[in-house]
Protein chains: 2
Amino acid sequence: MAEGEIRHNSPVPVYIQLADLLAEQINAGEIQPDYPIPSEAWLQQRYGVARNTARRAVDLLRERGLVCTIGGRGTFVKGKG
Amino acid sequence: MAEGEIRHNSPVPVYIQLADLLAEQINAGEIQPDYPIPSEAWLQQRYGVARNTARRAVDLLRERGLVCTIGGRGTFVKGKG
DNA sequence: GTACATTTGTTCGTATGTATA
DNA sequence: GTATACATACGAACAAATGTA
């Protein structure tokens, strides 16, 4: 259970930990292309972070080209095409 | 407690003010058991708050066991039983 | 059966304030 | 002063359930 958790007392910012964690799940194929990643509210609850922090993590995923976000809908794993 | 209005510049969060205000109305019998409390849209207009804020207030009432919500129908004051 | 309006449910977008390191 | 992080709050859009005409 220690895996896949956020350490609030880490020198690594929480939003970066969370982004890395989600990126791993995507790269491991745990979330398929064109499928949504968990919502901001869900991440907030699951990982015990503020919504802003969850958003920043997703921002990073988007900057890395792993996902794309549609307002009011969700954030989806990018396909190869 | 004043006037059944919301103070946006209060240190008390708006959603808590609104929840308390509605709870008072319920406890005062202004809304009878099994009858609906005002809809989210109505609260939004009446008190000049965002819908999400109105929803958070109703969430509190539900957590306090004062009401129960039925999707697509409304939120109803709980009876004694 | 269909169309519409109402109400709650969900999700992202943006901004502000507070606190801390 | 900057970056991180939490909480609050308003806005917008879409979806689902319900009830009615």
Side-chain angles (χ1 to χ4, degrees), chain A residues 4-23 25-26 31-78, chain B residues 4-23 25-26 31-78:
Chain A
E5 295 297 340
I6 298 296
R7 304 195 323 274
H8 276 74
N9 51 348
S10 165
V12 180
V14 171
Y15 73 95
I16 294 180
Q17 291 183 56
L18 181 51
D20 289 343
L21 203 150
L22 292 169
Q25 295 179 8
I26 292 171
I31 312 174
Q32 295 292 320
D34 298 327
Y35 279 77
I37 69 172
S39 72
E40 293 168 359
W42 195 92
L43 294 172
Q44 190 178 338
Q45 287 213 357
R46 168 65 180 80
Y47 294 104
V49 300
R51 189 187 156 204
N52 284 345
T53 303
R55 276 184 64 77
R56 292 193 63 178
V58 176
D59 288 343
L60 283 186
L61 297 181
R62 200 161 41 244
E63 288 167 12
R64 293 178 191 171
L66 286 174
V67 299
C68 65
T69 298
I70 305 177
R73 291 285 308 276
T75 295
F76 302 84
V77 176
K78 276 194 180 175
Chain B
E5 294 296 338
I6 299 296
R7 302 192 338 268
H8 277 73
N9 53 346
S10 165
V12 180
V14 171
Y15 73 95
I16 293 180
Q17 291 183 56
L18 181 51
D20 290 343
L21 202 151
L22 292 169
Q25 295 178 10
I26 292 171
I31 311 174
Q32 296 293 320
D34 298 327
Y35 279 76
I37 69 172
S39 71
E40 293 167 0
W42 195 92
L43 294 172
Q44 191 177 337
Q45 287 215 356
R46 167 65 180 81
Y47 295 103
V49 300
R51 189 187 156 203
N52 281 342
T53 303
R55 278 181 65 78
R56 289 195 66 177
V58 176
D59 287 344
L60 283 187
L61 297 181
R62 199 161 41 245
E63 287 167 15
R64 293 178 191 172
L66 287 174
V67 300
C68 66
T69 297
I70 305 176
R73 289 261 310 266
T75 295
F76 302 84
V77 176
K78 276 193 180 174

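So that the names make sense, note that chain A is the first sequence line, chain B the second, and so on, each numbered from 1.
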How many whole angstroms separate atom [atom1] of [X] from atom [atom2] of [N]?
X	N	atom1	atom2	value
A:Ile37	C:dC12	CD1	C1'	11 Å
B:Gln45	D:dG11	CD	P	12 Å
B:Leu18	D:dC10	CG	C1'	14 Å
A:Asn52	C:dC12	CG	P	13 Å
A:Glu40	D:dT8	CD	P	17 Å
B:Tyr47	D:dA9	OH	C1'	18 Å
B:Phe76	C:dT7	CZ	P	11 Å
B:Leu43	C:dT7	CG	P	11 Å

Among A:Arg56, A:Arg62, A:Arg64, which residue satisfies the side chain to side chain contact (heavy atoms under 4.5 Å, CB included) criterion with A:Leu60?
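With A:Leu60 as partner, side chain to side chain contact (heavy atoms under 4.5 Å, CB included) holds for just one option, A:Arg64.
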
Candidates A:Val14, A:Leu18, A:Asp20 - the one meeting side chain to side chain contact (heavy atoms under 4.5 Å, CB included) with A:Ile16:
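By the side chain to side chain contact (heavy atoms under 4.5 Å, CB included) criterion, A:Ile16 pairs with just one of A:Val14, A:Leu18, A:Asp20: A:Asp20.
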
For a quick check of understanding: with a heavy-atom distance under 4.0 Å over all strands, which category does [X] fall into, base, sugar-phosphate or nothing?
X	result
A:Arg56	sugar-phosphate
B:Gly71	sugar-phosphate
A:Val58	nothing

If you check the [X] side chain, which of [options] turns out closest?
X	options	answer
B:Arg55	C:dT8, C:dT11, D:dC10	C:dT8
A:Ser39	D:dT8, C:dT8, C:dC12	C:dC12
A:Arg73	C:dG9, D:dC14, D:dT18	D:dC14
A:Arg51	D:dA7, D:dA9, C:dG9	D:dA9

Exercise: identify the closest heavy-atom pair between [X] and [Y]:
X	Y	value
B:Ile37	B:Val77	CG2-CG2, 3.9 Å
A:Glu5	A:Leu21	N-CD1, 3.9 Å
A:Asp34	A:Phe76	O-CD2, 3.6 Å

Within the structure, does a side-chain N or O atom of [X] lie under 4.0 Å from either OP1 or OP2 of [N]?
X	N	value
B:Tyr15	D:dA9	no
A:His8	D:dT4	no
A:Thr53	D:dC6	yes

Does the structure show a Watson-Crick or G-U wobble partner for D:dG1, both distances under 3.5 Å? Name it, or say none.
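WC or wobble partner does not exist here.
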
